[in-house]
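Since the structure comes first, as structure tokens, the remarks are kept for the end.
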Protein chains: 2
Amino acid sequence: VGTLSIVGVGPGAEAQITAAARAALESADVIVGYSLYLDLVRAWLPDANFRPSPIGDEAARARDALLLAAEHERVALVGSGDAGVYGLAGLAYELRAAMVWTGRPPPEIEVVPGITAALAAAALLGAPLGHDFAVISLSDLLTPWEVIVRRLRAAAGADFVLALYNPTSTRRGHRFQEALAILRAVRAPETPVGVVANAYREGQRVTVTELASLEAGMVDMLTIVLVGNSQTRVLDGKMVTPRGYGIPLSPNPLPHEGGGGFECAR
Amino acid sequence: VGTLSIVGVGPGAEAQITAAARAALESADVIVGYSLYLDLVRAWLPDANFRPSPIGDEAARARDALLLAAEHERVALVGSGDAGVYGLAGLAYELRAAMVWTGRPPPEIEVVPGITAALAAAALLGAPLGHDFAVISLSDLLTPWEVIVRRLRAAAGADFVLALYNPTSTRRGHRFQEALAILRAVRAPETPVGVVANAYREGQRVTVTELASLEAGMVDMLTIVLVGNSQTRVLDGKMVTPRGYGIPLSPNPLPHEGGGGFECAR
């Protein structure tokens with residue numbers, strides 16, 4: 001019986017993949033995935049055995065990968081970012097449990113973690129995720145919009161930094177406006193906001209703005225939006241959320257020549 | 001003027017570091033960090049120029065790294081997990097802005113993302129982060145306990161999956177009991193909970209249990225706790241949060257031999 005490795009390849013740059021993810025791809029007999037992600041992998045591993053599939057129908061893709069893994073030694077199912085965050089890993093476990101495996105045991109499943117979009121965007125923006133944060137997808141394809149609204153309100157009200165995945169699409173541009181209204185009702189207009197498109201990929205765009213200036217036209221399906229908490233500030237163009245609350249850095253630090261005399265709250 | 005790379009090395013296994021993080025360490029003139037993390041790196045890069053520092057006093061460590069980066073080409077500051085999640089990246093940006101740079105320009109700072117503990121633990125547990133999640137540190141060293149309580153209540157009430165960092169320490173064992181009481185007031189007793197210690201390191205422990213059975217004795221400073229949402233279930237021993245709400249998999253899928261007839265909600 002084979003193993004299905006569900007591999008998060010990170011944002012899509014060869015440099016941002018982990019050694020374990022790369023090894024799982026290199027040792028796979030077959031690599032399954034959405035054709036656009038496989039094109040990224042093909043640039044690093046031109047000779048692998050790829051089985052691309054069209055966008056959508058993730059259940060069919062996960063099922064195909066499970067069936068291949070029952071017949072091969074090693075199959076890799078590729079996802080962008082982390083394969084467990086809004087990814088195919090959960091679907092694969094669900095399908096394996098739901099499918100009837102007559103005459104052969106079900107394949108093993110392993111999940112290989114990857115750099116999820118929030119971490120990639122955060123590194124490019126500065127350090128916006130330095131304190132507690134909530135990750136929310138604004139897609140109402142699989143989640144009732146009321147659930148998403150409840151989470152936005154709860155996370156905004158409790159001063160979480162927010163990482164918004166799938167902020168909009170052509171079909172649901174008005175949803176992003178609703179989400180913005182919820183955030184603006186709670187957070188100050190000058191709250192720093194980071195918008196990142198195509199992190200570590202061609203066409204990368206990194207924008208630091210503020211909540212009052214955030215507009216639907218700044219986001220699309222390839223964008224992630226990070227909204228600061230009440231402590232987040234912009235320093236030298238970077239979005240920074242301090243680790244501490246109400247424990248500011250000394251406003252008058254000694255110059256660094258002062259050596260041991262430098263004052264700074266932990 | 002040099003560059004300070006703030007490098008997240010992931011959970012601590014050579015296989016879980018990204019290529020970019022490894023390259024930043026390999027090209028560094030000096031590698032600064034907490035001695036325990038540097039010991040991990042030394043196993044992969046024995047010949048690097050290490051400058052270890054004791055635990056605690058992160059501000060002094062970040063300041064030293066900044067001063068070294070003003071004098072060298074490339075300095076790496078090592079953190080576990082992702083360097084921006086409760087890490088040193090924010091502190092470095094804050095210090096750079098607060099320090100007086102007489103006679104020389106301040107160093108450049110770049111953040112190299114890494115696999116944060118929640119992602120590492122999730123991959124070992126199954127796919128618990130398949131839907132919206134909140135990351136909360138239970139350490140009240142830098143954050144008032146009231147803020148933490150407010151976040152726990154908000155995230156539990158809005159049905160987020162929870163990733164609890166720094167769940168306890170000898171000094172604040174009672175805090176974990178308080179956090180448990182908050183979660184139990186809202187979530188069902190049978191809610192799946194994952195507890196992971198030393199992910200991808202020697203002494204790794206992966207436990208799937210339920211909220212009613214979670215006890216303070218199961219966690220310590222090296223542990224991360226993932227609490228499922230109302231949809232999370234345990235399948236073949238793995239903790240799985242479906243991506244969809246109220247859109248269950250077909251309870252009676254055709255056997256996989258059925259091929260195209262397999263029924264599964266997206």
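These values consider heavy atoms only, across backbone and side chains, with no hydrogens, waters or symmetry-generated copies. So you know, we letter chains A, B, ... as the sequences are listed, proteins then strands, and number each from 1.
Taking OH of Y93(B) as the reference point, atom CZ of R233(A) lies at 14.5 Å (rounded to 0.5 Å). Within the model, atoms CG of D236(B) and CZ of R96(A) stand 5.0 Å from one another, a figure rounded to the nearest 0.5 Å. Taken to the nearest 0.5 Å, the CZ atom of F133(B) stands 10.5 Å off from the CD1 atom of I136(A).
Annotation: side chain of H131(B) is in contact with side chain of R151(A) (closest heavy-atom distance under 4.5 Å). Proximity of I115(B) to I115(A): side-chain heavy atoms (C-beta onward) are separated by under 4.5 Å at one or more points. A 4.5 Å side-chain heavy-atom check between Y86(A) and D132(B) finds at least one atom pair inside the cut-off.
Ranked by non-hydrogen atom pairs under 4.5 Å with chain B, the options G10(A), A120(A), G114(A) are led by G114(A). Ranked by heavy-atom pairs shorter than 4.5 Å toward chain B, the options G126(A), A13(A), A155(A), A89(A) are led by G126(A). Interface remark: of the candidates A60(B), P11(B), G8(B), G130(B), G130(B) forms the most heavy-atom pairs closer than 4.5 Å to chain A. Chain B forms the most heavy-atom pairs under 4.5 Å with one residue out of A97(A), A134(A), A62(A), A123(A), and that residue is A123(A). Contacts with chain A were tallied for A127(B), P113(B), A154(B); P113(B) has the most, counting heavy-atom pairs under 4.5 Å. Considering only heavy-atom pairs separated by less than 4.5 Å from chain A, the leading option among L129(B), L162(B), V135(B), I148(B) is V135(B). Each of A70(B), A92(B), S137(B), A83(B) has some count of heavy-atom pairs under 4.5 Å with chain A, and the biggest count is that of S137(B).
Annotation for V240(A) and E94(B): closest pair CG1-CG, 4.0 Å, computed over non-hydrogen atoms. The two residues R243(A) and T143(B) make their nearest non-hydrogen contact at O-OG1, 3.9 Å. Contact detail for R150(A) and G157(B): the closest heavy-atom pair is NH2-O, 2.7 Å.
A donor-acceptor pair is defined here as one N or O able to donate and one able to accept, closer than 3.5 Å; no such pair exists between the side chain of D82(B) and the backbone of L119(A).
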Validation: residues 15-24 of chain B side-chain donor-acceptor distances under 3.5 Å, sequence neighbours left out:
residue	atom	partner	partner atom	Å
T18(B)	OG1	A21(B)	N	3.0
R22(B)	NE	E26(B)	OE2	3.1
R22(B)	NH1	E14(B)	OE2	2.7
R22(B)	NH2	E14(B)	OE2	3.4

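Of the atoms belonging to V111(A), heavy atoms from both backbone and side chain fall under 4.5 Å from chain B. With a threshold of 4.5 angstrom between heavy atoms, A122(A) does not approach chain B through any atom at all. There is no contact between Y165(A) and chain B, counting heavy-atom distances below 4.5 Å.
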